[in-house]
K.L.:
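Quick one: the structure is below, questions incoming.
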Number of protein chains: 2
Amino acid sequence: MKHSTIIDIAKKLRISPSTVSRALNDHPDIKKETKELVRKVAQELHYTPNPIAISLQSNRTTTIGVIVPEIKHDFFASAISGIEEVAYQSGYTIILCQSNESVDREVVNTNVLMQHRVAGIIASISQNTLKWNHFQDVIKRKIPLVFFDRVIEDAAVSSVVIDDYRSAFDAVSYLIGKGYKKIAHFSGPSKLGICIKRRDGYIDAMKQHHYPIPDNFICYGGLHEQDGYSAMDALIQQKTLPDAIFAINDPVAIGAFQRIREAGYRIPKDIAIMGFSNNKITNLMEPPLTTVDQPSFEMGRSAARILVQTIEEGLTEPCHLVLNTKLIIRGST
Amino acid sequence: MKHSTIIDIAKKLRISPSTVSRALNDHPDIKKETKELVRKVAQELHYTPNPIAISLQSNRTTTIGVIVPEIKHDFFASAISGIEEVAYQSGYTIILCQSNESVDREVVNTNVLMQHRVAGIIASISQNTLKWNHFQDVIKRKIPLVFFDRVIEDAAVSSVVIDDYRSAFDAVSYLIGKGYKKIAHFSGPSKLGICIKRRDGYIDAMKQHHYPIPDNFICYGGLHEQDGYSAMDALIQQKTLPDAIFAINDPVAIGAFQRIREAGYRIPKDIAIMGFSNNKITNLMEPPLTTVDQPSFEMGRSAARILVQTIEEGLTEPCHLVLNTKLIIRGST
DNA sequence: TCTTAATATGCAAACGTTTGCATATGAAAC
DNA sequence: GTTTCATATGCAAACGTTTGCATATTAAGA
């Protein structure tokens, strides 16, 4: 069962491949009857165009490259799902890569995608991405690029993000409004843009109310459960207990949550805790976790939409989209 | 910044493209010095081979197609991650599709993947896949295929699964050993293989102990939280309370869990509950959910390994891999 | 010195499309 | 009966590789 080609159709009809090609593409030069004939035979032979040949000839593909730090992460899984959704509807196909939070791998990924002549790339950078020559190569090659969530600020590239600063500011303000005063912040990698912004939001909210922030109340670390766990552990060791914790994301909040539990403190009575992202899981904890809802699926869809538009209509100006977050108040605060 | 080609190198060195091609592929006919020269210039020009041209010429790609029902689902996200891992290491690229549990979309997906001349396909079927002509097309085309988790039993195709029957049997036996007698089972779609097997494991474990299974103790439904919720709701309405529930998977267990809570029953005292898959979330519930650990990441890796092997070494016999599950006993039972 | 063989390279076709240009056909205009 | 134009089709090159075969060069054998 070989794939049949335009040439097979041509032979069968004793016409030339170019006529077949034009007929299938509904070229005005071709007579109606010929078109119908060609279409009929194409059906009979189960002809489907070979996208590879088309790509070679046209030097473009209908493939979108996607790079995320970690596929398993709830947020990214959901965003990818959104990307796939739009890609599917628009006739694109997605090639998925994960950087595993490694810049080196991210570099390989961008190269692979460029080699594959993807029509565009959607990316969320690794937490270790400080240099970004690899993305500059992408830009130089004029391959449409859209960042989402974790973006490179200095690059003139379309992006889909949330307002990390404001979301954090609002979240912390809510805590303050609830009466908490000694609020600690478990941040992530100190160089990662979203972490910097959320931290600044936290700081400014505290400052606005003239609440002091002791040195050890801002803890930098990773983005996983274990990081929250050990940050909390350190605070407990130091015996400087906050009355609330604002964590960079849900996993970190969950790690802290567990350590708090282990130490026998009550949530939220002794220590309140707040996450970020609204991972599915947070609603099922006991008490359920207060968090900030981040529209992951929608971010994926928007990023894909912007990319497709850039590819097809050649948008020249980068487009920046900021989606709304929503404070989800639950039992943990 | 155009990509440079083999011809650019040829021109620069005033030799023929074929020589360049052979030099880069380390063909024995080519003199050592020539090879070195070619490699040097290739470096200078940042040459990378165009995979599209290679594909067209060789009629094969280094792309693996992946079809899953839902990317967001914890289990699949993790499996995809495993697939990506192996693919990356083996120099393959993955095209990701989701069927959204729709057969029609699954058909489109397989067609798209075949058109793209993928080197092989890894799939987990949708819950509505009863006919499978689309996969037969794949087989006819001699495109290597590996199913994982949700497989088509009758197809002579490699697969990576767990022993659903035994896992369920053991799980229910454990419940029985704990003293539970009126155990209900929340199953999934009644035609889905994994559901049938888990159900049969449940039935046989009950039978072994001569425990009756009232009609309404096996509830068929979907695979999501809401399905568990409504199944539990129905039982509560009927006032025929089981003393334990064995759910087809974690989300269903979680749904039931919530309904139980809402009804004011205590877990596990009034009703015990057990899930399946060991989603990350289950460990954080209160009480944490007893479940069956399913090695999702490893299943992805194994599936990818088998596929790559089939592609590269042309395995002819389908290979069936059954990975071990592990009962994770926690507070909910 | 001439043949033979080994070594290194080039030529050209092939993969499946698209597309600019040439051309064949027929009809309308003069 | 030419010329002119529109219509419909075909030819061939191009996209970037790979590869069978031909060929040029050199070395070895007689």
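Naming: A, B, ... by sequence-line order, numbering from 1 per chain. These numbers were taken from a predicted model, which means no experiment stands behind them.
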K.L.:
Select from B:D29 and B:Q57 the residue whose nearest nucleotide in DNA chain C is closer to the 5' end of that strand.
P.N.:
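The residue closer to the strand's 5' end, by nearest nucleotide, is B:D29.
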K.L.:
Please list, chain by chain and in numerical order, all residues satisfying side-chain contact (heavy atoms from CB on, under 4.5 Å) with B:N50, sequence neighbours excluded.
P.N.:
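Partners of B:N50 under the side-chain contact (heavy atoms from CB on, under 4.5 Å) test: A:L56, A:R117, B:I52, B:A53.
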K.L.:
With a 3.5 Å distance limit and no angle check, can you tell me whether B:D8 reaches the backbone of B:T5 through a side-chain donor-acceptor pair?
P.N.:
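The answer is yes, because a donor-acceptor pair under 3.5 Å joins these two groups.
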K.L.:
Which nucleotide span of DNA chain D, 5' end to 3' end, has atoms closer than 4.0 Å to non-hydrogen atoms of chain B?
P.N.:
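Listed 5' to 3', the contact boundaries are D:dG16 to D:dG20.
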K.L.:
Would you list the atom pairs, donor with acceptor, under 3.5 Å between side chains in residues 302-312 of chain A and any protein atom, with sequence neighbours excluded?
P.N.:
| residue | atom | partner | partner atom | Å |
| --- | --- | --- | --- | --- |
| A:S302 | OG | A:E298 | O | 2.9 |
| A:T310 | OG1 | A:I306 | O | 2.7 |
| A:E312 | OE2 | A:Y92 | OH | 2.8 |

K.L.:
Is a donor on one side and an acceptor on the other found under 3.5 Å between the side chain of A:R150 and the backbone of A:I125?
P.N.:
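Yes.
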K.L.:
Both B:H27 and B:R117 contact DNA chain C. Which one's nearest nucleotide lies toward the 5' end?
P.N.:
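Residue closer to the 5' terminus by nearest nucleotide: B:H27.
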K.L.:
Between N or O atoms, less than 3.5 Å apart, protein on one side and nucleotides 23-27 of chain C on the other: list the pairs.
P.N.:
none

K.L.:
Is the backbone N or O of A:V112 less than 3.5 Å from a side-chain atom of A:H116, with the two atoms forming a donor-acceptor pair by type?
P.N.:
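Yes; at least one donor-acceptor contact below 3.5 Å.
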K.L.:
Under the ring-ring contact (aromatic ring centres under 6.0 Å, His included) test, which residues partner B:F75, sequence neighbours left out?
P.N.:
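Once residues adjacent in sequence are excluded, B:F75 has no partner under the ring-ring contact (aromatic ring centres under 6.0 Å, His included) criterion.
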K.L.:
Given the rule in the side-chain hydrogen bond (donor to acceptor under 3.5 Å, both in side chains) test, do A:S78 and A:S296 qualify, once you have shown the distances and angles that lead to the verdict?
P.N.:
CA-CA 6 Å; A:S78 179; A:S296 46; 2.9 Å; yes
K.L.:
For the CZ atom of A:F147 and the CD atom of A:E153, what is their distance to the nearest 0.5 Å?
P.N.:
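So the gap between those two atoms works out to 10.5 Å.
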K.L.:
Output every pair passing salt bridge (Lys or Arg N to Asp or Glu O under 4.0 Å) with a member in residues 39-54 of chain B, not counting sequence neighbours, ordered by first then second residue.
P.N.:
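Sorted pair list: B:K12-B:E44, B:D26-B:R39, B:K40-B:E44.
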K.L.:
List in numerical order all residues of residues 7-25 of chain A for which some heavy atom is under 4.0 Å away from an atom belonging to DNA chain D.
P.N.:
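Heavy-atom contacts with DNA chain D come from A:R14, A:I15, A:S16, A:S18, A:T19, A:R22.
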K.L.:
If the condition is side chain to side chain donor-acceptor pair (under 3.5 Å), which residues does B:S81 pass it with, not counting sequence neighbours?
P.N.:
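A:Q98.
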K.L.:
How would you list, by chain and number, every residue that makes a side chain to side chain donor-acceptor pair (under 3.5 Å) with B:S16, sequence neighbours excluded?
P.N.:
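B:S16 satisfies side chain to side chain donor-acceptor pair (under 3.5 Å) with B:S18, B:T19 only.
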K.L.:
Can you list, by residue number, the residues of residues 32-56 of chain B that have a non-hydrogen atom closer than 4.0 angstrom to DNA chain D?
P.N.:
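Under 4.0 Å from DNA chain D: B:Y47, B:T48, B:P49, B:N50, B:A53, B:I54.
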K.L.:
Restricting to side chain to side chain donor-acceptor pair (under 3.5 Å), what partner residues turn up for B:H320, sequence neighbours left out?
P.N.:
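If we apply the side chain to side chain donor-acceptor pair (under 3.5 Å) test to B:H320, skipping adjacent residues, the hits are B:S159.
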K.L.:
Considering residues at least two apart in sequence or located in another chain, which fulfil the side chain to side chain donor-acceptor pair (under 3.5 Å) criterion with B:T62?
P.N.:
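With sequence neighbours excluded, B:T62 shows a side chain to side chain donor-acceptor pair (under 3.5 Å) to no residue whatsoever.
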